[in-house]
Amino acid sequence: MKWILSLLFLSNILLADEAQAIIKKLEKNLRGDYMYSTMNMIVTSKRGKRTVKIESWSEGNDKSFIKILYPKKDKGITFLKIDNQMWQYIPKIERTIKIPPSMMLQSWMGSDFTNDDMVKESSLEEDYHASILFQRGDSATLELIPRPNAAVVWGKIVIDVDLKDAVPIKEIFYDDMMQKVRVMTFSKIEQHGSHTIPMVMELQPLDPDKKKNRTKVIFEKVNFDTKIDPSYFTKQALKRYSR
């Protein structure tokens, strides 16, 4: 009996290690050491539809800089994230605002994405314990539970992963009461250098009051191969590169 329990225990450890390895490979593939991109974010709600054009620079998981290019009323708004700190610069009032951790779940630019989504504050590998719920061939479903004391906003995430390309296919997000909050799907998988990434992401909130809401992000340009100037990841960049 003891050896059976030992084998089961060892099997669970190996599966957990495999799940963490999948998440590590996925995050490395999607983020890389450096990433530059331009994208269109199409926000649909009961008030209608609007498009936001975005330019983004990032270094790993710790640093990111975002600039709004369109619409005209928002042009030049910038966002900076360094480690666990985030700032926003609003050119119309020439003011830099620090965004506190308590606001990481707030809507980003009126979309269904949050501040946390856009600056990638959370690391799935570092902040969540992964386990495999189902695996068949090149597909797997993983459950991610927050690690103790991890500063994350979700109670649980369930991810369908294409193991061959190390890309997510669907993510379901749960709140701390384990209720489904939103679903994100990924499509149009393309190769960019040594990275394979989805060029389209669509987020749907599950709140009954937001039945008509959809936020779709369509990448236009993606570059993982060029090192980004460190000047983008300074507070001075917020105003300097807003023009």
Side-chain angles (χ1 to χ4, degrees), residues 27-44 49-99 103-104 106-123 167-168 184 186-203 214-243:
E27 286 204 305
K28 185 176 181 180
N29 176 46
L30 295 182
R31 289 176 175 162
D33 295 327
Y34 300 94
M35 181 180 178
Y36 167 80
S37 63
T38 60
M39 64 200 87
N40 287 316
M41 183 174 72
I42 303 166
V43 182
T44 303
K49 184 182 291 187
R50 67 189 184 91
T51 298
V52 180
K53 189 172 179 64
I54 303 162
E55 192 170 18
S56 172
W57 298 257
S58 64
E59 181 179 329
N61 184 54
D62 299 324
K63 300 175 183 178
S64 64
F65 183 86
I66 295 172
K67 178 180 178 179
I68 305 301
L69 304 176
Y70 177 89
K72 187 176 180 179
K73 67 182 182 69
D74 297 321
K75 185 177 180 180
I77 293 177
T78 54
F79 297 84
L80 171 68
K81 180 248 181 174
I82 301 175
D83 297 324
N84 294 321
Q85 299 185 84
M86 181 178 176
W87 297 267
Q88 176 184 8
Y89 176 72
I90 305 173
K92 284 185 178 179
I93 59 175
E94 297 187 349
R95 185 181 175 191
T96 298
I97 301 169
K98 186 170 183 180
I99 299 176
M103 290 186 64
M104 294 310 289
Q106 296 296 311
S107 168
W108 188 82
M109 296 297 296
S111 73
D112 297 303
F113 285 96
T114 66
N115 289 320
D116 183 80
D117 293 320
M118 297 310 296
V119 298
K120 302 181 180 69
E121 181 184 21
S122 300
S123 165
V167 295
M184 183 147 62
F186 303 81
S187 58
K188 198 182 178 187
I189 310 301
E190 291 184 1
Q191 186 80 26
H192 289 266
S194 60
H195 298 262
T196 305
I197 65 168
M199 297 295 285
V200 178
M201 305 184 296
E202 185 164 0
L203 183 61
R214 298 285 188 284
T215 299
K216 179 182 285 189
V217 173
I218 303 171
F219 285 90
E220 291 186 325
K221 297 179 183 178
V222 179
N223 188 338
F224 291 96
D225 300 324
T226 304
K227 186 174 181 178
I228 295 170
D229 190 325
S231 65
Y232 278 97
F233 308 120
T234 64
K235 287 182 68 175
Q236 292 76 19
L238 284 160
K239 183 175 182 179
R240 180 189 306 160
Y241 293 120
S242 73
R243 300 181 182 89

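What you see below is based on every heavy atom in this structure, not just the backbone, and it leaves out hydrogens, waters and symmetry mates.
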Compare all side-chain heavy atoms of Glu190 with those of Phe219 and state whether any distance is below 4.5 angstrom.
no
Atom pair CE (Met103) and CE (Met86), whose distance is rounded to the nearest 0.5 Å:
9.0 Å
Within a strict 4.5 Å, meaning less than it, do heavy atoms of the Ser56 and Thr38 side chains meet?
no
Any donor and acceptor pair, going by atom type alone, linking the side chain of Lys92 with main-chain N or O of Lys73 inside 3.5 Å?
yes
What one should report as the nearest heavy-atom pair of Glu55 and Leu69 is OE1-CD2, 3.7 Å
At their closest point, which heavy atom of Asn115 faces which heavy atom of Ser107, and how far apart are they?
OD1-O, 4.3 Å
Minimum heavy-atom separation for Gly110 to Arg50, with atom names?
CA-NH2, 3.6 Å
Side-chain contact, heavy-atom cut-off 4.5 Å: Lys239 with Thr96?
no
Check for a donor-acceptor pair, side chain of Lys67 on one end and backbone N or O of Arg243 on the other, with a separation under 3.5 Å.
yes
Distance from Ile68 atom CD1 to Met109 atom CE, nearest 0.5 Å?
4.5 Å
For Glu94, is the CD atom crowded, meaning more than 12 foreign heavy atoms sit under 6.0 Å from it?
no
Backbone N/O of Val167 and side chain of Asn29: donor-acceptor pair under 3.5 Å:
no
With a 4.5 Å heavy-atom cut-off, do Glu27 and Ser123 have their side chains touching?
yes
Any heavy-atom pair between the side chains of Arg240 and Ser231 that's under 4.5 Å?
yes
Which residues pass the ring-ring contact (aromatic ring centres under 6.0 Å, His included) test with His192, not counting sequence neighbours?
none
Exactly one candidate in Phe79, Phe233, Phe65, Phe224 meets ring pair (Phe, Tyr, Trp, His ring centres under 6.0 Å) with Trp57; the answer is Phe65
Separation between CE of Met201 and OG of Ser187, rounded to the nearest 0.5 Å
10.0 Å
Any side-chain heavy-atom pair from Asn61 and Arg31 closer than 4.5 angstrom?
yes
Closest contact, heavy atoms only, Val43 versus Ser111
CG2-CB, 3.8 Å
With distance as the sole test, does Asp74 use its side chain to make a donor-acceptor pair with the main-chain N or O of Pro71 at under 3.5 Å?
no
Using modelled atom types only, decide if a donor and an acceptor are shared between the side chain of Thr215 and the backbone of Asp112 within a distance under 3.5 Å.
yes
Could you measure the distance from the CZ atom of Phe186 to the CE atom of Met199? Nearest 0.5 Å is fine.
14.0 Å
Is it true that atom NZ of Lys53 has more than 12 heavy atoms of other residues, nucleotides or ligands lying nearer than 6.0 Å?
yes
Atom CG of residue position Asp225 - does it have more than 12 heavy atoms of other residues, nucleotides or ligands inside 6.0 Å?
yes
Below 30° counts as parallel, above 60° as perpendicular, anything between as tilted: where do the rings of Tyr232 and Tyr241 land?
parallel
In this structure, OG1 of Thr51 is separated from CG of Asn40 (nearest 0.5 Å) by 6.5 Å
Could you tell me if the side chain of Trp87 sits less than 4.5 Å from the side chain of Lys81, heavy atoms only?
no
As an exercise, state the distance from CZ of Arg214 to CD of Glu202, rounded to the nearest 0.5 Å.
6.5 Å
Looking at every non-hydrogen atom in both residues, tell me the closest pair between Gly32 and His195 and how far apart they are.
CA-CE1, 3.5 Å
For Thr78 and Leu238, indicate whether the former's side chain and the latter's backbone hold a donor-acceptor pair under 3.5 Å.
yes
Which heavy atom of Gln191 sits nearest to which heavy atom of Gly193, and what is that distance?
NE2-O, 2.9 Å
